[in-house]
Amino acid sequence: MASKEVELWVQDQLHDVIGMSDRYIAEFLISLAEKSNSSGHFLQKIQDTGTLDVNDKVTRFASELWNKKKRERKEEKSRKKNIRKREETSSSSSSDSEPEKKRSNRQSPSSSSDTEDEEKERLKDLEERDAFAKRLRDKDKDRTKNKADKGSKKAFEEAKKRLELAEKDRRSMIPDLRKSSRRDYLKRRGVDKLQELEEDIADDEYLFSKDELTERERKDIKYKKTVLSLAKEHRKAGDKLKEGRYYMPDEDEKPLEKYVEPTAEEQRPGFEQRQWEEEHVNKGVMKFGAKDAKKKHKEKEYDFVVDELDEIEFVSMLQMPGSHEEEPREKQMSEAEKKKMTIQDVRKSLPIYPFREDLLKAIEDHQVLIIEGETGSGKTTQIPQYLYEAGYTKGDMKIGVTQPRRVAAMSVAARVAEEIGVKLGNEVGYSIRFEDCTSERTVIKYMTDGMLLREFLSEPDLAGYTALIVDEAHERTLHTDILFGLVKDIARFRPDLKLLISSATLDSDKFSEFFDDAPIFRIPGRRYPVDIFYTKAPEADYLDACVVSVLQIHLTQPDGDILVFLTGQEEIETSLEILQERARKLGNSIKELIVLPIYSTLPSDLQAKIFEPTPPGARKVVLATNIAETSLTIDGIIYVIDPGFCKQKSYNARTGMESLVVTPISKIQRTNLGNVVLLLKSLGINDLIHFDFMDPPPHETLVLALEQLYALGALNHKGELTKLGRRMAEFPVDPMMSKMILASEKYKCSEEILSITAMLSVNNAVFYRPKDKVVHADNARMNFFTAGGDHLTLLNVYNQWAETNFSTQWCFENFIQHRSMRRARDVRDQLVGLLERVEIELTSNSMDTVAIRKAVTAGFFYHTAKFSKGGSYKTVKHQQSVMIHPNSSLFEEQPRWLIYHELVFTTKEFMRQVIEIENQWLLEVAPHYYKAKELEDGSSRKMPKTVGKSKD
DNA sequence: GAGCACTGC
């Protein structure tokens, strides 16, 4: 936990060290220090950001800060005790004392301490809450029995499809490659990188010559040397190498037939035949980013290219060798041979296989094990099977495996089901939001980490599991972080539960430390060699460079589609135009170039175009945002152009220190913790301040979340979960939303509120607004405007869509994004189920917009703003100046009082999704939070009367 | 008068 004291100290020092100071920089440096395992390491990290010249001052500062943090951590550790009580929330009085104090000062309805009545009410509520929780548990028991087969066929097919298109490994490989390419690009930007590297090595040798080096440091130095020598060789080779690259062909020269000196391999007899076979095998299996071991082809087919016309300067070039290189490349097998390879053979060929026995032994010996292994080592698919084969699932016990992404959970489960030879959903299943493909037979269960978190609600001790694998732990989502704290705790009182934390190389030490120095099991080796090229990417005009690269590839390289990563819609549209224009100019002299854009807000029918097979003789270019990085797979892509730029506007990014922003400061600061707090409280964790987070969120963020939950009525004045809070926890939405949903019971409009919630949760992706049809799109949007505000407009959209029987065509005609609507429907369906679960009836009251708006107010009274002057608003609690977003239906109306759904800071502080309310409602729905005095209008003029019916 | 992208429940 970053203490205020240290932060202030850093801010102070910064003036001296870099001549300026800023809170965010201070926060950033502190978090950097926290993540470093020595002050030297910390200094290196500072250096890596490329923003500070490392001089004496900086060095001294770094060492002081690191030591401060170290001391702080020590103190923290000794203070921490596991205070948590594990039974279903007891009504004991152990609770957060801090927020309580704050609350009683500021917000308690009566300033006096607990009256008798209050105490009675509290106890009654707790009783009701526990009774409710028990009912839920009973319900869950019944339900798990008939989960089987529900929707599993559809899910099975879907997963199969996904599997064919994509394997998990390639999904994670591409982002890894991109990440490392970006990281290195940033690290190495500068004038002469080679020189710097040389100096670096010299420095290392000088600085650490006397120290005992760790394995990694040795590796690191060796790596640097390899890079240097390769790069030097490359330089020497100079033009000779360049010739092998793209160039603009002369008119009469056929680029593809350019003569190349035959290699030894080529001179061996039968080469052409082999080459032909290879080509055809590859045609069959070539897919974008297919880095997986199963498809057997080498990685070299993908070039990461960014270059200017004929000036390609590699900053560094190296091959990360694969441990299996000495074996014949399986790629060279004939198709018939390939088929012979049974699933078992494939399993045995994975890098993890030789370690099977050792691994099982280690798992047997240790309760918690950190598993470190490269992507592609087979850990995700194999370890659960090893455990299964070793009998860990005897007696209907389960092995749980978490994945950070839905598709990963699905496709890996499908893969493993296939390997074991069972139907997906039977012994092997997966569980993700909107889709539960498991049955009572399921013993290996893949799921998203968020799903496991939800599972805690109904099974707080995870009694059904003998082993839990947290895969891709290095991705560190908020969910996994919480999961770590929970499982670490569970492991203490369930010694039979095995805990495996699987991670790529970087962070295993940190995981080990967190899990009380758990041993690390390393799986060495990489299945296939991977080539990485870093280019000295020009910072300016990189868009142009991309376009040039595309054309170069098109003109000079063999068939195969191109994928270009760009940062946003605007750039995609620009390059689309340029490419089409240039291709047109070249006319019939070149093969057809099909340019297709893809970004998240593009309607799905247009998105689908990128999956259509490329016609013979043509080449497809896909211009994509990061969307393609993780969530889709395109056949036929052979060339990937990645300029290494990543737009990352963080909440804090307004400091002008852009290079610092490359590392986001903390996900937690941008996330609403309320949800998490509610979940933890529901799990009986009362003392959140001392919850064992791997990286604790800022203290204030936690306290704020607690305060907000109190105001919403989810916690009582002792910080205990109320019945309302327990019910709210069931909903996978932010607390204000779940409060709004629960409040709809009282106003008899739960149907409407659910629709609104669903629509709000697909935020800002409802209306489609293509650049070339702005006017039409805006008109279409305005046609949906409904008196009262944006929530009602969204409701209107949903209802109209529902009336057309959820028609795609209708969406198309009305500039509505069908994909978002489908998601809204999924969300809504889920919410309907949950509403039933928390014992609330579905009721509809669509005409009474006052009721609907009151329900909204009951959840969002925090977000009240009052008209001030000059078209601007002031938030009631913080007197912050805000504006209505220009897209809002109330942009011109400017009602006196309104509730906003969220604040976004772009060019100004905007309220997005606003709804008109009356100030009196605030007293009705949140009397404990608002005093009548705060809500005085300050004007003699009365508000237009709209009570009972909305205008219009 | 606006406008980076993506993941998860």
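Sequence lines set the chain letters: A, B, ... in the order given, protein chains first and strands last, and positions in each chain run from 1.
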### Task
Check the distance between B:dC6's P and A:Asn764's CG and give it to me in whole angstrom.
13 Å

### Message
Taking only side-chain N and O atoms of A:Thr907, does any of them lie within less than 4.0 angstrom of OP1 or OP2 on B:dA2?
### Response
yes

### Query
Does A:Glu455 pair with A:Lys445 as a salt bridge, N-O distance under 4.0 Å?
yes

### Task
Starting at atom OH of A:Tyr768, determine the distance to atom P of B:dG3, rounded to an integer number of angstrom.
19 Å

### Task
Taking only the side-chain nitrogens and oxygens of A:Thr448, find out if one of them lies under 4.0 Å from OP1 or OP2 of B:dC9.
yes

### Message
If you assign A:Lys908 and A:Ser761 each to the DNA chain B nucleotide with the nearest heavy atom, which residue ends up on the more 5' nucleotide?
### Response
A:Lys908

### Summary
Separation of B:dA5 atom P from A:Arg405 atom CZ, nearest Å, is 19 Å

### Query
Less than 4.0 Å between a side-chain N and a carboxylate O, is that true for A:Asp826 and A:Arg823?
no

### Task
Tell me which nucleotide among B:dA2, B:dC9, B:dG1 gets nearest to the side chain of A:Phe891.
B:dG1

### Donor-acceptor under 3.5 Å (A:Thr786 side chain, A:Phe784 main chain)
yes

### Task
Send over the distance from A:Phe456 CZ to B:dC9 P, rounded to a whole Å.
16 Å

#### Entry: N/O donor-acceptor pair, side chain A:Arg769 with base B:dA2, under 3.5 angstrom
yes

### Task
Verify the contact: side-chain N or O of A:Arg433 to OP1 or OP2 of B:dT7, cut-off strictly under 4.0 Å; return yes or no.
no

#### Entry: Gap between atoms CZ and P, on A:Arg823 and B:dT7 respectively (whole Å)
9 Å

### Query
Over how many whole Å does the gap from A:Asp826 atom CG to B:dC9 atom P extend?
12 Å

### Task
Write down the distance between NE2 (A:His479) and C1' (B:dT7), rounded to a whole number of angstrom.
10 Å

### Touch class at under 4.0 angstrom, heavy-atom based, for A:Arg454 against every strand present
sugar-phosphate

### Task
Starting at atom CZ of A:Arg781, determine the distance to atom P of B:dG3, rounded to an integer number of angstrom.
13 Å

### Query
Looking for any heavy atom pair under 4.0 Å, which part of the strands does A:Phe910 touch: base, sugar-phosphate only, or nothing?
sugar-phosphate

### Message
Is it true that, when you exclude A:Glu836 itself, more than 12 heavy atoms of the residues, nucleotides or ligands shown sit nearer than 6.0 Å to its CD?
### Response
no

### Ring centroid separation A:His901 to A:Phe860 under 6.0 Å
yes

### Message
Regarding A:Ile432, tell me which of base, sugar-phosphate or nothing describes its non-hydrogen contacts under 4.0 Å with the strands shown.
### Response
sugar-phosphate

